[in-house]
K.L.:
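Below is the structure I would like to discuss, written out as structure tokens.
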Amino acid sequence: MTIALKEPRSRINAGDMLRHINIGMLIFAVLYAAVALRQPSYIEPAGFLNFLRRAAPLAILASGQLFVLVAGGFDLSMGSVVTLTVIGASMLTGGDPAMTWSTIACLYAIGLGVGLINGVAVAYLKVPSIIATLGTLLSVNGVAMMWSGGSPRGYLPDNFRMFGRFVFRDVPVIGTFPLSVVILMIVVALAGWGLHGTVFGRRVFAIGDNPRAAELAGVRVDLTRIAAFVLSGLAAVTAGILLGGFGGVSTDVGAGLELQAIAACVIGGAKLMGGRGSIIGVVAGALSLFALFTLLNLVGLPQALRDTAQGLILISAVASGAYRQRRDG
Amino acid sequence: MSVALVPRKPARRSLPIPLLLFVVSILLYAGVALGTHSPEQLGVDGLVGLLQRTVALGIVALGQTFAILCGSIDLSVGTLISVAAVLASFIMDGRPAMMVPAVLAVLTLSVVVGLINGLVIARLRVSPLIATLGLGLIMQGVLSANFNNFAGSVPPAFQAVAYGTIGPLPWSVLALLVLTLASSWLLRQTRFGAHLYAVGGNAAGARLAGIRTDRVTIQAHVLCSLMAGLSGLYLASRLRSGAPWIGRDGVYDLESIAVVVIGGTLLSGGRGGVWGTIAGVLLFAVLDSLFNMLGVPAFPKQILRGAIVIAAVALYAARTRRHVA
């Protein structure tokens, strides 16, 4: 049965390469070039690494979201989990650096719990994920508001904020290296290995493509689906920890991030309703989206038009993908 | 072929979902009103207040039912509501003479938005989630870039849309009833309705049967956007002005989808109807009233609301053997 799972080796020529290149990479290259033209410091290693540092949470969210998307669902609760992570961090640590590590363990437990609830609601209660995760989005936001009393106070200790802000100095050749980029690389490597290098990853693709066929082939559809939601929840907590280091504690840190994560996945070539997607493409999609936001900032467009640009790039990426698919048969 | 001669067991029919939801809503409402010693909630004023809560979400949800029945979905309705409300109150700016042009402008815009949604989905083959989410983002960006607070105002004559009554019953509640009847007629009695169910149930089969599936999808989206525009007009009248966040604050896109699904319409299309949707809207309005009567604070209310959305769908979805993603 392993033969059927292997992709046919394709002939390598320029035309094919161009045709199969990930659309997300292409968009990222174009947008980043535009950013660099506007602000040359972005070409230097430090500028690029700083860009990566700020894009890291989105790329991590998108990597987690991809597991759910490939399995055929959606996770709309990611943004609210990010909010809960930041609020929870400030409430649990209370500004005490000694509490940081136990707080992080606790936050991951919360992410695991939300993922389990999502997974169980979809796999056993048969609630479509778009509704189930909408429900957890409302509830988790409610928990975050209740926990903080509606107006978050307190601050995060420095050793918690370190994950988002710390930069290694005196690194040979490139000079500096942000800790959040190291975390991003670890997450991407783990996610890439999990989705593309393990049996579990194959099962995720299988249940997204055709759950009935996967079941007949002996895949535990329910457990695989739950695992995908749990991974998404854990990714959201990771992104929340990084974002906590970027800015202050507020109740809207995570608002709208779930849609940005889905957008990044789609720009990176993931198919809604499951069965297709790659971690590399999705990271490229997230970087594209972030390059677009950076570009809009540099050009001085109103912040609100971010949404408009995001909508345009989303529709055009998917429309061009659909066109390429029809043309190639 | 003896098998064919064995009489088929009649399919067990469970209680129809719309009726069930209506009964549950009414019992819940009456029970809590009596239990909390607030019998005034069962008086005319209390009931009218309850019905008035259903109007804004009810109108959008009717439109959403069309989109979902044909196998599509519309995530742009929340933004379109904001756009419609702001546009109406901006054009009227307190002048009664501008009422008709403003309403016409809103309805035209709604049709255009529906056409774009439908065309992008049917012709460019973009997934409906992405197409409508994208157009919603595009509209929200343009709207927020130009308006950041209540814009203009509606003249008193236009406020009658939300506040005028016939006897004790508000016009707006009657309008929702008429729209529901009209939608039910469209779905049950017209060729368009039959085609809509066919496309939602099996698009490839419908195409082979000679139905122009693209056109049906586009029509469903135009209807859906029109309803969202109407809901925006109602909200502008009720709030006396339009602001760019009213659609987002009401979470109309996701709530309209939730009530459609709670009302028994399949998220994948092809089965369901508007009465279930209206029953779902009533259930939401009843829950809101219950939380008020029981004095549940705002944040726990939100937590409960999320849990109820999941539980309501799970109640009958859990029986399906199919895989759900």
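In what follows, chains carry the letters A, B, and so on, assigned in the order in which the sequence lines appear, proteins first and then strands, with residues in each chain numbered from 1.
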K.L.:
Chain B heavy atoms under 4.5 Å from A:V122: which part of the residue, side chain, backbone, both or neither?
P.N.:
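For A:V122, heavy atoms of backbone and side chain both lie under 4.5 Å from chain B.
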K.L.:
At their closest point, which heavy atom of A:A322 faces which heavy atom of B:R125, and how far apart are they?
P.N.:
CB-O, 3.6 Å
K.L.:
Check each atom of B:L267 against the heavy atoms of chain A and say whether the ones under 4.5 Å are side chain, backbone, both or neither.
P.N.:
side chain
K.L.:
Would you compute the distance between atom CD1 of A:I267 and atom CD1 of B:I130 and round it to the nearest 0.5 angstrom?
P.N.:
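Between atom CD1 of A:I267 and atom CD1 of B:I130 there are 9.0 Å.
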K.L.:
Side chain, backbone, both or neither: which part of B:R123 has a non-hydrogen atom closer than 4.5 Å to chain A?
P.N.:
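Contact with chain A is through the backbone of B:R123 alone.
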K.L.:
In terms of heavy-atom proximity below 4.5 Å to chain B, should A:A319 be classed as side chain, backbone, both, or neither?
P.N.:
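Interface part for A:A319: both.
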K.L.:
Out of curiosity, B:L135 CG to A:L312 CG, how far, rounded to the nearest 0.5 Å?
P.N.:
9.5 Å
K.L.:
Under 4.5 Å, counting heavy-atom pairs only, tell me which of A:R225, A:R212, A:Q310 racks up the most with chain B.
P.N.:
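The option with the most such pairs is A:R225.
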K.L.:
Under 6.0 Å from the CG atom of A:N297, do we count more than 12 heavy atoms belonging to anything else shown?
P.N.:
yes
K.L.:
Counting heavy atoms not belonging to B:F90, are there more than 12 under 6.0 Å from its CZ?
P.N.:
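No, CZ of B:F90 has 12 or fewer neighbouring heavy atoms, counting only those of other groups under 6.0 Å.
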K.L.:
For chain B, which candidate among A:G135, A:S320, A:G208, A:A71 shows the most heavy-atom pairs at distances under 4.5 Å?
P.N.:
A:G135
K.L.:
What part of A:L134 is in contact with chain B, defined as an atom under 4.5 angstrom from a non-hydrogen atom: side chain, backbone, both or neither?
P.N.:
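Only the side chain of A:L134 comes within 4.5 Å of chain B.
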K.L.:
Against B:L133, only a single residue in A:L259, A:I315, A:V266 fulfils side chain to side chain contact (heavy atoms under 4.5 Å, CB included); can you say which?
P.N.:
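Between B:L133 and the candidates, side chain to side chain contact (heavy atoms under 4.5 Å, CB included) is satisfied uniquely by A:L259.
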K.L.:
Could you tell me the separation between the CD1 atom of B:I310 and the OG1 atom of A:T133, rounded to the nearest 0.5 Å?
P.N.:
8.5 Å
K.L.:
Which bit of B:V120 is near chain A, if near means a heavy-atom gap under 4.5 Å: side chain, backbone, both or neither?
P.N.:
side chain
K.L.:
What's the separation between atom CZ in B:R305 and atom CG in A:N141, rounded to the nearest 0.5 Å?
P.N.:
13.5 Å
K.L.:
Quick one: what part of A:I207 sits under 4.5 Å from any heavy atom of chain B, side chain, backbone, both or neither?
P.N.:
neither
K.L.:
Sequence neighbours left out, what pairs pass side chain to side chain donor-acceptor pair (under 3.5 Å) with at least one residue falling in residues 64-80 of chain B?
P.N.:
B:Q64-B:S256, B:T65-B:T277, B:S72-B:H221, B:D74-B:S76, B:S76-B:N117
K.L.:
Which residue out of B:S144, B:A298, B:G141 racks up the most heavy-atom pairs below 4.5 Å with chain A?
P.N.:
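Maximum pair count with chain A is reached by B:G141.
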K.L.:
Give, for atom CG of B:L143 and atom CG of A:D307, the distance between the pair rounded to the nearest 0.5 Å.
P.N.:
10.5 Å
K.L.:
Just so I know, are the side chains of A:I130 and B:L129 near enough to count as touching, which here means a heavy-atom distance under 4.5 Å?
P.N.:
yes
K.L.:
Given a strict heavy-atom distance threshold of 4.5 Å, which part of B:A145 is in contact with chain A: side chain, backbone, both, or neither?
P.N.:
both
K.L.:
For a quick test of reading the model, state the closest non-hydrogen atom pair linking A:P128 to B:V313 and the distance between them.
P.N.:
CD-CG1, 4.0 Å
K.L.:
Which heavy atom of A:M146 sits nearest to which heavy atom of B:I303, and what is that distance?
P.N.:
SD-CD1, 3.9 Å
K.L.:
Does any heavy atom of chain A fall under 4.5 Å from the side chain of B:P300, the backbone, both, or neither of them?
P.N.:
both
K.L.:
By a 4.5 Å heavy-atom criterion (distance strictly below it), what part of A:E215 contacts chain B: side chain, backbone, both, or neither?
P.N.:
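Only the side chain of A:E215 comes within 4.5 Å of chain B.
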K.L.:
Got more than 12 heavy atoms from elsewhere within 6.0 Å of CE, A:M273?
P.N.:
no
K.L.:
Hey, which of A:P302, A:A132, A:S139 has the most heavy atom pairs under 4.5 Å with chain B?
P.N.:
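Going by pairs under 4.5 Å, I would pick A:S139.
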K.L.:
What part of A:R306 lies closer than 4.5 angstrom to a heavy atom of chain B: side chain, backbone, both or neither?
P.N.:
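No part of A:R306 comes within 4.5 Å of chain B.
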K.L.:
Can you measure from CD1 (A:I131) to CD1 (B:I257) and round to the nearest 0.5 angstrom?
P.N.:
6.5 Å
K.L.:
Count the heavy atoms belonging to other residues, nucleotides or ligands that lie under 6.0 Å from OH of A:Y124, then report whether that count exceeds 12.
P.N.:
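Counting other residues, nucleotides and ligands, OH of A:Y124 exceeds 12 neighbours.
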K.L.:
For the candidates A:G73, A:G72, A:P211, which exhibits the highest count of non-hydrogen atom pairs separated by less than 4.5 Å from chain B?
P.N.:
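Top count of heavy-atom pairs under 4.5 Å with chain B: A:P211.
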